[in-house]
Each structure stands twice: as C-alpha cells, then as structure tokens.
Amino acid sequence: MGANRDHNNGSDEQQRRSEIYTYEAPWHIYAMNWSVRRDKNYRLAIASLLEQYPNRVEIVQLDDSNGEIRSDPMLSFDHPYPPTKVSFIPDKECQKPDLLATSSDFLRIWRIFDDDDEGRDDDEVVTNGGIGSGSRRVEMKSVLNNNRNSEFCGPVTSFDWNEAEPKRIGTSSIDTTCTIWDIERETVDTQLIAHDKEVYDIAWCGVGVFASVSADGSVRVFDLRDKEHSTIIYESSEPDTPLVRLGWNKQDPRYMATIIMDSAKVVVLDIRFPTQPVVELQRHQASVNAIAWAPHSSCHICTAGDDSQALIWDLSSMGQPVEGGLDPILAYTAGAEIEQLQWSSSQSDWVAIAFASKLQILRV
Amino acid sequence: MAAKEHLRRKLAMAVKSINWSYAIFWSISSPEPGVLTWCDGYYNGDIKTRKTIQADEMEEEEDGGDDDEAGLRRTEQLRQLYESLSAVSESHRYDPQPRRPPAALSPEDLTDAEWYFLVCMTYEFTNGQGLPGRTLAKNTVSWLSDAHLADSNVFSRSLLAKSASIQTVVCFPYLEGIVEFGIAEKVLEEQNIIKQIKGLIFDAPPQNVRETPLESCSNMLDHHDLVINNLDNMLEYDQNQEQSWRFVDDDDDDDGGEISFHHNHSMGSSDCISQNLASGHGDVWSDVDDRYQCVLLRIFKNTPRLVLGPRFRNCDSKESAFVNWKNCDGMESNGGCSQVLLKSVLYKVTKMHENRLVWSRCVDGNVDRMRKVEDDDVKNIDHRFSVLSALVPSRGKVDKVSLLDDTIDYLKTLERKVESLQSDRKSHAVRERTRDNYCNKRKASCDPTDLQDERFSDCITVSAIEKDVTIEIRCRWRDNMIVQVFDAMNSLNLESHSVHSSTVDGILTLTIESKLKSCTGSTAKMIRQALQRVIGSRY
C-alpha cells in the first residue's frame, strides 16, 4: 500500500514542514506497536481487526529517503483471530533474537528474520506458520497455551513484555486471571486469579511487580514475591464501571494512568496514595481510547480518543491543583477516531497513532 | 581545584551581594591560546525545581551558609547536566545513554535563565569577538544594558538572552580572563556596582593568583588620573556618536579612591547608548540563527525535543506534528457508540474464541453486562451457529467459516443420499434414523410397520449456549427410557431444571433444559453420544 507525506489540518506552512507519515492498510488497524531495536529504526507492526478467523499482521518501515512507509510483503503473515495486542521484544541493544508477540486466543511468539544473511543460524525454530521461502520471513516460534494444565483458558485481552526481564511476559485474560510466562522455557511461571471479573490490561514495573485493571473497576498491584496479596490502588467511583486500559510510567514508577469505560477522563494515580487520583485529565471531548507515557520523561503523557485528538500533557505540576483542571500542552487532530496510540521507546520524538485503516507516525 | 572552588565562591559572593542572576568567568584556554572559554560560574537566578539528595527541601531565603551551599550545589548540578548532555551528543549512537543519577537535573527542571546559563558553557570567543572577546581586547569594562535587544555582532547571545529575559550583561577583565555578570532586569550602568563586584572578587584572592591583581593595581593607580582625564574628554566628545556600546575606562581598582563623579556622566551617556542599542536590534536573528542553532544542535542532538520546552522545541528545521493546545479544539463525537473498537476487542473478539465450544470458566455476573453491549444480531446469529454445529458433523476446525463449509458439504451429501434412496425404493431402504455429529448411520432392519410412517426418525438434538444445554429427544417410547436418560445426564454432570415430555402414538418427545454443573469438558458431542447409547440400546 502506498504512503505519502500527509497533510495536517492546519496552515499550509505547517503542512509542508511538519513531520507526519501515513500508511494506509487494507483493513482497520487496532493492535500496533513500535520496534525497539536500535538497528531497526522507524519499524512498526500493525494488525488487522476483522471479525473472522484469518487476520493479518504486517511489518512496516519508514523509508527515510523518500518519506514513505512501506509494508514488507515477506514479513506479513496470517494470524488466527484478531490480535488484541502486538509488541516487539524490548531489547534495545539487539542482544536477543528479533521477536514479536501477539495475543488473541493464546499468546504467540514470532521470530522475524529481517536481514538477508540471517536465518541460517543454529537456533531451533518451529517452522509452523512460516511464510515465504528464502531468508526474510516471520516464523511462529511458540504458542503459549495453558489449556491442558488448567481450567482457566480464556482468551488474552492484553499482555505486557517485562523490560527488565525480557524472558517474562504477563498476560491478562477474560477468565479473571493474569498469567506470567517464561517464554524461553515456554512455561507458565505463575498464574494468579487477579480480579473478580475479566482482566482487561496489565502493565509491568520492574522485574517482579505488575498492575492490572479489570471489569470490576479496580486497579490492583501484584508483587511476585508475595502472590497471596494484592493492593487495590484505585476503584472507579461508580461501582462496577470497568477500567479498560492501564499505563505505568516507566521513568517514574510512582505514577500510573488508567482509562474508564465510556469516559473522556484519564485518571492519573500515585501508588503511594491509593484510592486518591493525583489528577484527572479532562480535556477530551469524547471517550479516551489509548494512553502512552513518554518513555524518556517522567512527566509527559499522551492520550487519544474518539474526538480524533491526540493530546500531550505536562504533569510536572502534578502536586499543585490547577484552577479549572490541567490543560494539555500539545494537540494533534487526526481524520477519525484514534483507536491506538504508542510512543516509541527508542525514538522518543515519535508517536504512532492508528485511526480507521490508517497508521500515522508523528513527530512530537 | 581548591583555587577553582575558591573562585566560584568569590563569584558567588559577588553576585549575591549585588543580587544579580549569574556570574561567569571566561578564561583563556590553554589548548587554544587567545580563545576565551567557560571556566567557572555561579548561578543565582530563579530555579524551577530543586533536586537534592537529602529529602528535606532547602529554604529559599538568604540564610547565610546554607544558601551558599545550595547555590553552589545548583551550579554544580548545572555543570554536570551540561557535561552529560555534551558527552551524550558525541557518543556513538549505539552506546547506551548514561543514566543520570537520580539527584541530577534533567532538562525539564530548568528555568529559561538556567538554560541560558547552561548554554553559555558552550560558547567560546576569540580575541575581539563577542562581548567577552572585546572586553579582553580592549581590556576595559563593558556594560550592555539591553542585552536581549542587542545586535548579534555586539552580543552574540542576544537571542538566547531574549528567551531568558537576561537584559543586562557586564564584562570586565580579571586575571587571565573575563568576568561576566548578568541580570534579568534592565540596569543602567552604575560604577558602584562594578566597584562592589571588583571589591569582592579581589578581596580575598586565592593563593596562586595573589600577585597579579596587586601588580596590576599598582600600575593602574599610577595612570588613574590620566584615565580620568581621558574619560572626561571622551564624554564630551562621544555624546552623540553612533556606537554600539561604550567603553568605560575603569581599570582594576583596589579598594581605593572613589570615582563617584563618573556616576553622573555615565548615567547620561548610558541613556544615549541604550537608545542606540534599542534602535539597532532590527533583524539580527538571521545572522545569529546559524550559530545559535549549531550550538543547540550540538548539545541537544540526543535529547528529546519535548523536554526542551516550548522555546527550543523547534530549533532544528523539523517541525512538530503537534500544535499548541487551544481550548475548544477538536471534533465533537457523533454521539454514537464510544470506544467501539476497544469494546469490540474486549468483548466480541474474545467471544469469537468461544465458538470453538471449549468450555471456559466465566463468572455469572458478567453475562448480563456482556449481553448488554452486544448487538442482538450477533447474539442471535451465534445462537443459531451453535445449534447448527450440533447438527452438522464437524471436521476439526470449528470456527464459523469452517462450520458453514461443513454444513454445505453435509447438505450435498444428504441430497445425494436422498436421490439414491429415492431411486432405490424397492430394496431395503436405509434410512437415517439418527442424525448426529459423527455421521454414524444406523442400519436398521426395515420394520414393515415403520414404513408406514415415513417421516419418523429418531432424533436427538443438543444445543449449548455457554452453560445452558437444551436437549431434545424424539424416539420410540419404551419403559424406563426417561429414567435412563436422566441417569446419563447425571453422569455427564448436567443438572436439569426443566423437563417437558409427551408421548404421542408411541413416540416420546422429551425436551430438557439443563445446566452444566462444572467445567468438566463435556461437549455437545459427548452428550449426544451418551444419549445415543441410552436410546439406541433398545436395538
């Protein structure tokens, strides 16, 4: 699919100079994420959301020379059921194999062979699901399925790859559990019944601590060293209003942000002061769909929602209450409701959004 | 280092005594003779966030010793930040960024004036270039009252000063370099201030530079009178001359004689100078842009633009896609469903997996909520699909598409069979008496009595929606049939809660609504199979 330097809804001057790159996919995009490896800049994975068994995942890359985003046909592959989330391995220094994880009915790990001289290494690779011959391809490395061992086998709503311990992935499921996987041994480290209802999102902080949000309206923090106990950090004000997304500030682990179902409000929490939001960001004019903390800064967050806007907020004055509520510092208006937002952790000047069937990467 | 420390303290003392914003000492660098580079400085201006290793916050008020320490620490932190930023900009791009210690400053903690102070660290001046350079060349005091409006030839950091609101900059020679002071206010030239600064700086000289000021002082004292005379002449002469700035011949002075009479004259002339400066600022930005941008790019190459703050974000040529936020921007939502894709991902997509008829544990309380947001269409279709899957033999894949494929194949098979049957009525009619998932055909001997009733066939239908299982049985009645059926259901962990049975003409029609008691893995297939055995056992 072709792509070109897109034009913002702004003045001509801004259009010519502002850095926005667009890719149009043949289907609606939901799951999307940046690549983290330093040797593959401006690479993303996008996945379709088709209500059918076969779905598609594509690896796209921005070509610096002509400003186009291209999808590599050798690196596109079929995926069973639409992925609820897609993520590259958080390995900036390129020490581990180039892996991609997707979640739908199960968690699947894929290995990307992107260089022409790669692929003939001695690693045992499951060739099930491999697309294309030759050295550039994506192969399914493992399907992490706990069905046989447990009566808990629900589909995976979300997962998070632990940056401090990249062999660890935590998944959240509608069967109310969170499962921690060791993807190198392809086994379950532990499975916790996290909530009373479906768990919708999970986020790591450090090696052994994670938080999850659920349809029961609570944010709970778990520590793998003490699996019996969890701490409720926040509960939605109307009982049983699901919390649908969660983001933990990687630069300042005291803060996390969560999205309430059908709400235009983003709640920022301090884990030192449970139940009491630090600040509520209320400048979206429709419900919020995605949040992303800045990977390099401890006080910037980006939010995007059904009002087609992506807003960036500066939370450095969080402690002091602001008259009339906190205002965002920057805004971007897209052509349709923004469904997905990811801030690149290796290139902290870039943010990617997905709306309708378009992917756009924006310079901040 | 002791000398350096001492120098910094003296700068600190001096700048605090006059309550200005910063003091910098430019020294002639040893590797490049004749070039002034940043040697030391003290920042005394506004601070946005304090970062100290101790938990307690330091007081802001001038508190003697404590405040000194705080100020020196702050300056040290700014220097460290500069060093870490410039080190990062030169490192190989694959090298991991050094993690700054937690008490170190990061760019977003700084005010504009601190930025100015920090960026000054990158500057160098050759002899005669810039304000410090010229001061060095002429070996006199330079006072610039409208630094932020100055021409870039005069003051190369004028754009920088403008962003930081530094309005007055003063330079004078000291030892082998230039001392510079600045303040974020407009201060007209005052000899008292200069005298005061010098007094403090020269007051307690560090060991290894003791000689120099005394020497120069004695020299200067000699032709002090001469200078004063010259100054008088200059004042009369230069009143209306267009000059970009003015020298004040005010040489190194010990705490000696008053030169207060300069005061009045200098006030007058500095007014004139200010006007000159003000009129000359015109369009200087283009000249200084390159230099300015080079400097910034060098420091900030690897620093994310967002943390640089609004003024520096667009300092390179690449514009941001984001604009400053204004109230009432953006489109109103159409009032329809909100978070449509998000909900679809959480609800519909996860339900897609359940069509595989593998039982998963779902908590009862959720069912209502899930049905509330689901489309009725989807629900009805799903129900019908599950009934269809109970009727059609599956070939392994149990998603909707494969199910439809299987149904198509099955229908074709059935049609063929019917055709062959119809064309074969004379011989034994092999009728399918029971339809089930496995395509098991029961060959029954033809009972003449059965032939009369062509429509009749045994039928077991099991349809399952989550835990609710509906069983419909139609078969020839016999004793204890129902009891046996219930026994079978019990062994499958089915708890029946509603039964409807009727017997017409020896044909039993049994409809049972039941619930799966636990997640045992019983599928509709298994249930049907078991019931088959019960009913079929009469043969």
Side-chain angles (χ1 to χ4, degrees), chain A residues 8 10 14 17-20 28 30 38 49 51-53 81-82 84 93 104-105 147 151-155 157 174-176 196-198 200 215 244 261-262 283 285-287 289 294 296-297 299-300 306-312 316 327-333 337 339 348-349 362-364, chain B residues 48-49 93-94 96 106 108-109 303-307 310 313 317-335 338-354 356 358-363 365-366 369 378 397 399-402 518-519 521:
Chain A
N8 199 2
Q14 167 126 54
R17 293 184 66 192
S18 55
E19 292 223 80
I20 305 170
H28 275 256
Y30 181 71
R38 278 190 203 277
L49 184 64
E51 284 189 31
Q52 61 184 36
Y53 183 79
Y81 299 111
T84 52
E93 311 311 328
S104 58
D105 47 350
N147 272 355
E151 59 182 78
F152 298 102
C153 47
T157 51
I174 64 166
D175 63 10
T176 78
D196 304 322
K197 294 192 179 179
E198 302 96 331
Y200 288 148
V244 288
M261 173 163 285
D262 288 333
R283 292 288 182 263
Q285 290 162 324
S287 36
N289 286 326
H296 55 279
S297 152
C299 56
H300 289 97
D306 278 345
D307 56 353
S308 319
Q309 289 214 297
L311 303 178
I312 296 187
S316 46
D327 283 335
I329 52 172
L330 297 171
Y332 173 77
T333 307
E337 290 87 343
E339 307 289 351
S348 30
D349 276 347
L362 315 169
R363 182 184 274 269
V364 172
Chain B
K48 190 160 89 171
T49 56
R93 66 188 174 109
Y94 282 3
S106 48
E108 66 261 21
D109 296 323
T303 307
R305 286 153 40 106
L306 189 60
V307 303
R313 265 183 60 239
S317 56
K318 302 195 174 133
E319 277 248 1
S320 164
F322 284 80
V323 297
N324 289 332
W325 181 82
K326 288 186 273 287
N327 214 338
C328 308
D329 256 10
M331 306 179 349
E332 288 282 338
S333 76
N334 56 4
S338 72
Q339 296 176 334
V340 170
L341 281 198
L342 184 54
K343 285 184 191 153
S344 155
V345 161
L346 296 176
Y347 296 145
K348 285 189 195 172
V349 166
T350 51
K351 283 222 75 180
M352 283 171 67
H353 310 312
E354 291 179 10
R356 282 185 296 168
V358 174
W359 295 103
S360 62
R361 181 171 185 268
C362 31
V363 182
N366 294 332
R369 161 134 332 237
V378 176
K397 281 189 167 189
D399 55 295
K400 282 183 187 170
V401 174
S402 309
S518 65
C519 182

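Keep in mind it's a predicted model, so treat the numbers as computed, not measured.
Contact annotation for S316(A): neither backbone nor side-chain heavy atoms come within less than 4.5 Å of a heavy atom of chain B. Within the 4.5 angstrom heavy-atom criterion, no atom of V401(B) approaches chain A. Looking at L49(A), only its side chain comes within 4.5 Å of chain B, counting heavy atoms on both sides.
Across every non-hydrogen atom of S344(B) and E51(A), the tightest pair is OG-OE2, 4.2 Å. For the pair R363(A) and S320(B), the tightest heavy-atom approach, listed with the atom from each and the gap, is O-OG, 3.2 Å. In terms of heavy atoms, I174(A) sits closest to L346(B) at CG2-O, 4.4 Å. Scanning all heavy atoms of the two residues, the minimum distance from E19(A) to A321(B) falls at O-CB, 3.7 Å. In plain terms, the two heavy atoms of L342(B) and E339(A) that are nearest each other are N-OE1, 4.5 Å.
W325(B) pairs in a side-chain contact (heavy atoms from CB on, under 4.5 Å) with only one of the listed residues (D327(A), I329(A), I312(A)), which is D327(A).
Side-chain contact between D262(A) and K343(B) is present, with at least one heavy-atom pair separated by less than 4.5 Å. The side-chain heavy atoms of L311(A) and F322(B), taken from C-beta on, include no pair separated by under 4.5 Å.
Taken to the nearest 0.5 Å, the NE2 atom of H28(A) stands 7.0 Å off from the CG atom of L341(B).
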